[in-house]
Amino acid sequence: MGCCMNKFELMLLFLAGRMQYLSHQNAEFMALLHNRQFVIQLQTFDATAVRYFSVKNRRIRSHGQMHPKPDFVLSFKDADYAVKTLSKANPMAFMKGMQAGDIKMEGDFGLLMWFNNAAKYLQPDIPKPVRRAVKWVKAKRQALDRKSTRLNSSHTDISRMPSSA
């Protein structure tokens with residue numbers, strides 16, 4: 001890895017921190033860890049971005065490197081595609097990616113189900129004032145886009161206008 005992290009590496013680092021936090025703070029997430037022991041690895045096809053998550057004794061450890069024997073590996077064609085797909089949190093996006101060969105899985109597919117269940121808890125709770133502010137900004141942006149579209153579509157070519165002489 002060079003001097004800077006790409007978005008996928010940053011996302012994986014965030015996931016590691018979030019899972020470690022939840023393993024201490026969220027009873028439902030703790031229940032997902034109970035009596036489980038496995039290693040899940042997420043990476044790009046060329047392994048330029050890779051991180052594994054080790055679950056053992058209700059604890060999560062994470063390392064930004066390849067594991068010698070992961071139980072399940074989820075690989076994406078590249079870092080940008082991984083971020084787009086994981087951000088959508090849409091099972092259909094995964095299915096399309098697998099069918100197209102842009103996502104590959106190896107190992108215990110039951111761990112994909114575990115990861116899918118765990119993903120429900122990984123999104124942080126956003127405070128209500130922040131959610132309102134984001135909603136307001138999106139509405140303003142859409143209004144500006146609509147206004148810009150109307151102005152562009154109502155613009156007529158002056159050379160085609162009839163002369164009033």
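Throughout, residue positions are numbered sequentially from 1 according to the sequence presented.
If you take CZ on R51 and CD on Q43, they are separated by 13.0 Å, rounding to the nearest 0.5 Å. Put simply, NZ on K7 and CG on L10 are 10.0 Å apart, with the number rounded to the nearest 0.5 Å. In this structure, CD1 on I40 lies 12.0 Å from NE2 on H67, to the nearest 0.5 angstrom. A distance of 4.5 Å separates CZ of F53 from OG of S62, quoted to the nearest 0.5 Å. Here the straight-line distance linking atom CG of L22 with atom CG of L33 works out to 9.0 Å at 0.5 Å rounding. For the atom pair D78 CG and T48 OG1, the distance stands at 8.5 Å (nearest 0.5 Å).
Not less than 6.0 angstrom separates the ring centroid of F72 from the ring centroid of W114.
The shortest side-chain heavy-atom distance between F38 and D108 does not fall under the 4.5 Å cut-off. Contact of the M11 side chain with the S87 side chain is registered, since non-hydrogen atoms from C-beta on lie closer than 4.5 Å. Side-chain atoms of Q25 and M30, non-hydrogen and from C-beta on, never get closer than 4.5 Å to each other. The shortest distance between side-chain heavy atoms of F94 and N116 does not fall below 4.5 Å. A 4.5 Å side-chain heavy-atom check between R36 and L111 finds at least one atom pair inside the cut-off. For the pair T85/D102, no side-chain contact is recorded, criterion being any heavy-atom separation below 4.5 Å from C-beta on.
Closest of all the heavy-atom pairs between L122 and R18 is O-NE, 3.2 Å. Closest non-hydrogen pair, N6 versus A79, comes out as ND2-CB, 3.7 Å. Taking all atoms of both residues into account, the shortest heavy-atom contact from S23 to F29 is N-CD2, 3.7 Å. Residue R61 comes nearest to Q20 through the heavy atom pair CA-NE2, 4.0 Å, listed as atom of the first residue, atom of the second, then distance. Among all heavy-atom pairs drawn from A93 and I103, the shortest one is O-CD1, 4.4 Å.
Environment of CZ in F14: crowded, with over 12 heavy atoms of neighbouring residues, nucleotides or ligands closer than 6.0 Å. Counting non-hydrogen atoms of other residues, nucleotides and ligands closer than 6.0 Å to CE of M95 gives a total of 12 or fewer. The 12-atom threshold is not exceeded at CZ of R58, counting heavy atoms of other residues, nucleotides or ligands nearer than 6.0 Å.
Shown are L74, D71, V50; of these, the side chain to side chain contact (heavy atoms under 4.5 Å, CB included) with Q41 is made only by V50.
Residues L86 and F109 fall within the same hydrophobic cluster, defined by Ile, Leu, Val, Met, Phe, Trp and Tyr side chains chained together at heavy-atom separations under 4.5 Å. Both V55 and L42 are assigned to one and the same hydrophobic cluster, defined by single-linkage of ILVMFWY side chains at heavy-atom distances under 4.5 Å. Under the 4.5 Å side-chain heavy-atom criterion for Ile, Leu, Val, Met, Phe, Trp and Tyr, M66 and L12 are members of distinct hydrophobic clusters. M98 and V83 fall within a single hydrophobic cluster, where Ile, Leu, Val, Met, Phe, Trp and Tyr side chains are chained together by heavy-atom contacts under 4.5 Å. No path of Ile, Leu, Val, Met, Phe, Trp and Tyr side chains, each step under 4.5 Å between heavy atoms, connects I60 with V39, placing them in separate hydrophobic clusters.
Ring orientation note: the planes of F76 and F8 are nearly perpendicular, at an angle over 60° on the 30°/60° scale.
With Q142 contributing its side chain and A139 its backbone, the two residues share no donor-acceptor pair below 3.5 Å.
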Steps toward side-chain contact (heavy atoms from CB on, under 4.5 Å) verdict (Y81, T44)
CA-CA 9 Å; Y81 182 78; T44 55; over 6 Å; no
Working for side-chain contact (heavy atoms from CB on, under 4.5 Å), residues K138 and V134
CA-CA 6 Å; K138 285 181 180 178; V134 168; 3.9 Å; yes
Show the numbers, then the answer: is there a side-chain contact (heavy atoms from CB on, under 4.5 Å) between R141 and V137?
CA-CA 6 Å; R141 186 177 296 153; V137 168; 4.1 Å; yes
Worked check of side-chain contact (heavy atoms from CB on, under 4.5 Å) between Q65 and Y52:
CA-CA 7 Å; Q65 62 190 38; Y52 74 83; 3.9 Å; yes
